[in-house]
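The shown structure was predicted, so the numbers you read here are calculated from the model rather than taken from an experiment.
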Amino acid sequence: MAFKVSNETKVGALAAISITILVLGYNYLAGKDSLWSSGKTYYAHFEDLNGLSKSNPIIFKGYKIGQVAEIEFNDESKDFLVELDIQKDVKINEGSIAKISDADFFGSKAIEMNIIKSAKEAPDGSTLKGASEASM
């Protein structure tokens, strides 16, 4: 017994696959590592962003551990609140410093994590100290 698939079913399946690939490709190009992020979120305040933007990497000892998720301007304190999305299983301790630094010679920016060696891990959603590196 042969089962015949109608042309409408074939077109529908192709459309569903195409939309899925489009969404995954867009998220990849936007810098999102995964649709189902299981990482931790931290925040840092900066007076000046020095060219930092959304999707810039977060680096610890040369290894990408996450990316900048959001940047918001705080009108009351006149500074920027940066949301840090940590994807890798790295223990961020209380007192750690998120420093804006140059990622390469072309002026791209990244956040370099200076993790303080302490016994207590910073809870998810906590605010870290922000700092900026002097640029050329």
Side-chain angles (χ1 to χ4, degrees):
M1 180 172 155
F3 182 70
K4 183 169 169 100
V5 179
S6 69
N7 286 337
E8 291 84 5
T9 304
K10 291 177 187 176
V11 169
L14 181 64
I17 292 170
S18 298
I19 290 171
T20 302
I21 290 172
L22 179 70
V23 169
L24 293 175
Y26 176 78
N27 286 333
Y28 175 75
L29 291 175
K32 295 181 182 174
D33 287 342
S34 173
L35 289 175
W36 303 277
S37 172
S38 62
K40 294 185 178 182
T41 302
Y42 297 98
Y43 298 92
H45 289 277
F46 297 97
E47 290 183 18
D48 188 2
L49 293 177
N50 294 326
L52 184 75
S53 62
K54 193 174 172 180
S55 298
N56 282 130
I58 300 170
I59 298 171
F60 175 63
K61 295 186 176 184
Y63 179 64
K64 181 181 174 187
I65 60 171
Q67 68 185 18
V68 175
E70 285 292 330
I71 299 175
E72 295 178 5
F73 180 70
N74 188 344
D75 204 23
E76 293 177 9
S77 61
K78 303 295 185 208
D79 66 355
F80 296 92
L81 178 66
V82 177
E83 183 179 330
L84 311 173
D85 186 24
I86 307 296
Q87 296 293 321
K88 304 298 179 188
D89 192 22
V90 175
K91 183 178 174 184
I92 308 292
N93 296 328
E94 289 182 346
S96 296
I97 300 169
K99 182 173 71 171
I100 298 174
S101 63
D102 292 326
D104 55 26
F105 291 116
F106 301 113
S108 298
K109 298 295 179 180
I111 292 187
E112 184 177 332
M113 292 299 301
N114 294 330
I115 299 176
I116 304 300
K117 293 180 182 177
S118 68
K120 193 169 183 184
E121 183 176 1
D124 189 18
S126 62
T127 302
L128 305 174
K129 183 178 178 185
S132 295
E133 184 178 80
S135 62
M136 297 167 55

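In this structure, NZ in K61 is found 12.5 Å from CE in M113, a value given to the nearest 0.5 Å. To the nearest 0.5 angstrom, I111 atom CD1 is 8.5 Å from I86 atom CD1. Atom CD1 of I65 is separated from atom CG of L84 by 9.0 Å, given to the nearest 0.5 angstrom. Taken from CD in Q67 to CD1 in I59, the straight-line distance is 12.0 Å, to the nearest 0.5 Å. Note that the OG atom of S96 and the NZ atom of K117 stand 11.5 Å from one another [nearest 0.5 Å]. Taken to the nearest 0.5 Å, the CG atom of L14 stands 12.0 Å off from the CG atom of N7.
No continuous path of ILVMFWY side-chain contacts below 4.5 Å connects I97 to F46, so the two sit in separate hydrophobic clusters. A single hydrophobic cluster is not seen to contain both I100 and I116; linkage of ILVMFWY side chains at heavy-atom distances under 4.5 Å, directly or through other members, places them apart. In the hydrophobic clustering of ILVMFWY residues, with side-chain heavy atoms under 4.5 Å counting as a link, Y42 and L81 come out apart. Y43 and V90 fall into different hydrophobic clusters, defined by Ile, Leu, Val, Met, Phe, Trp and Tyr side-chain heavy atoms under 4.5 Å apart, directly or through other members.
Proximity of a side-chain donor or acceptor of T20 to a complementary backbone N or O of A16 within less than 3.5 Å is detected. With hydrogens and angles ignored, the 3.5 Å screen pairs no side-chain donor or acceptor of S126 with any backbone N or O of A122.
With salt bridges taken as basic N to acidic carboxylate O contacts below 4.0 Å, one links K40 and E121.
With no hydrogens or angles considered, no side-chain donor-acceptor pair links E72 and N74 at under 3.5 Å.
In this structure, I58 and D85 approach most closely via the heavy-atom pair CD1-N, 3.9 Å. Here the shortest heavy-atom pairing between D104 and G107 reads OD1-N, 3.4 Å. For the pair K54 and A69, the tightest heavy-atom approach, listed with the atom from each and the gap, is CE-O, 3.0 Å. Nearest approach of S132 to D48, heavy atoms of both residues: OG-O, 3.6 Å.
At least one side-chain heavy atom of T127 sits less than 4.5 Å from a side-chain heavy atom of H45. Residues D102 and K109 are in side-chain contact: their nearest non-hydrogen atoms beyond the backbone lie under 4.5 Å apart. Inter-residue side-chain proximity for T9 and S6 is flagged as met; some heavy-atom pair is nearer than 4.5 Å.
Applying the 6.0 Å contact sphere to CG of D89 captures no more than 12 heavy atoms from other residues, nucleotides or ligands. Residue K91 places its NZ atom among more than 12 non-hydrogen atoms of other residues, nucleotides or ligands, all under 6.0 Å distant.
Taking the ring centroids of F73 and F80, they lie under the 6.0 Å cut-off.
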Candidate pair E83 and I71, rule side chain to side chain contact (heavy atoms under 4.5 Å, CB included), full reasoning: CA-CA 6 Å; E83 183 179 330; I71 299 175; over 6 Å; no

